[in-house]
Chemist: 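Take this structure, written in structure tokens, and hold onto it; I'll ask about it next.
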Amino acid sequence: MPQYLLSVWHDADYELDFSTPDAQRQAAQVGAFNEELQRSGSWVFAAGLHPASSATVVRASGGGGVSMTDGPYAETKEQMGGFWIVEAADLDAALQLAGRAAAACERPVEMRPVHG
Amino acid sequence: MSDALEEVFRREAGRCTATLIRVLGDIDLAEDAVAEAFAIAAEQWPTRGVPPNPGGWITTTARNRAIDRLRRESTRDDRHLAAHRLHTDTMDSDHNPELDRLDDFVEVVADDQLRLMFLCAHPALASDAQVALILRLLAGLSTEEIARAFLVPEATMAQRIVRAKRKLHDNHASYRIPRAAELPDRLAPVLAAVYLIYTEGHTATSGPALTRTDLSAEAIRLGRTLAELMPDEPEVVGLLALMLLTECRRATRTDSEGRLVRLSDQDRTRWDRALIGEGHELVRACLRRNQPGLFQIQAAIAAVHADAPTPGSTDWAQILALYDQLYVIRPDPVVALNRAVAVAEAHGPDPGLAALAEVDPASVDHYQPYHAARADLLARAGRHDEAGTAYDRAIELTTNQVERDFLIQRRSDL
């Protein structure tokens, strides 16, 4: 069955803070959505990420060496804050899951088909 | 292409492509097969005559050619799969095993066109991509023709079409008619895309001529197809009625020198009575269902205009009531602007300007019709200096030459 990446987009400077009522509500909604994905067999994997400021970009520099830079690859105002990989029968079924994901985390969700 | 073949192509290409996409499970393969079948027709029909069921002939020939090609080229996995499907005849649960019988083509094809319409106007595609795909796959226009109609380079249009087809393919879009529960969300972009094709034909975004009749004709053809396939959807019928009741004025919208003629100055005796009659009947039929929608109300407004033998006898109170209803469904600045114009006609320029003042100017700063309408109302209210400024802004925003000349004339008449 086709797989799709559902990525969640945040402002680059978001903080992980689960103490606010908003964050608690969103976490509960996402938890319920995850359980539903697992029950329906659509679940493949999901994860929330630490803020983009914690990222390191690594490049292979030939001859086996690597170079590293501090921070995310794309210097944009919005960064990926988490993602799901889901299985769905077709585009419409996947879009329906994406819509529920966006409602659960209360943020925009980008959907892309997994190649292969 | 001979005239007979050209006519069959216009009428059947979209239907044949729609069926072949389902049978072959691949848009590009279907397009190539249909093109090949028409090439064979161009060779054979002049000597052997046009077959009794030209569409069935094209579909069968295209299918057979596609099978031959798949056999020859079955190197790629998906082509293997497609060839396998064709041989085993088991591709979809809704596959019709009677497909081989020509008599059944009409039935099968009708549904396929609807599937293709929903695929082309999938909400995951941008509206320009939806329009391009509809014109290419359902109306059978070449990429060059579509590019010319929308005044973009052919390479740009080709890329837009390729990208849209690839997106649908990569995302595993299904070739199916939406379920009743999905229909409200899925039907709206289909209707919007067809109406966009119509309006582009009605007032071309730019260029020397005011209208592009070919695009309007294609939109009306698509609207008729939709209304045939979904006669119980009042908005589908409303869209067709709106297009017919707008189209009825086409001959009178420009004068002998190609200049724009306003609704109030048009020669109403030259409005197309047949289109008005058909439009009226459709408006009545859909309004009886009592599920008013965007296109039905706009069609009803066009019907009120068409009813008036002279501009002075226009029932503006009725038009204003319809705009009030429209504004409830779509409370946007464009509807508010049209409503304000109706207020001015019903109650005079000053109440019209007051209604216009409720529109947030920032939201319509780049909207040419706002400045043109405001200029006209200001002129009628005797506020000539302000009218001049508004005309200047409208002229600045006008890309269609005919419309521009009209506004420059109005400006100098002040």
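The model shown is predicted, which means the values in this text are computed figures rather than measured ones. Chain A is the first sequence line, chain B the second, and so forth, proteins listed ahead of strands; every chain is numbered from 1.
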Chemist: Assess whether atom CG of A:Asp70 is packed by more than 12 heavy atoms of other residues, nucleotides or ligands within 6.0 Å.
Modeler: no

Chemist: At under 4.5 Å between heavy atoms, what parts of residues 24-57 of chain A are in contact with chain B? List them by residue number.
Modeler: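 Residues in range: none.
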
Chemist: Heavy atoms under 4.5 Å from chain B: which residues of residues 84-114 of chain A carry them?
Modeler: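 Against chain B, the residues of residues 84-114 of chain A that fall inside the cut-off (heavy atoms, under 4.5 Å) are A:Asp90, A:Leu91, A:Asp92, A:Leu95, A:Met111, A:Pro113.
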
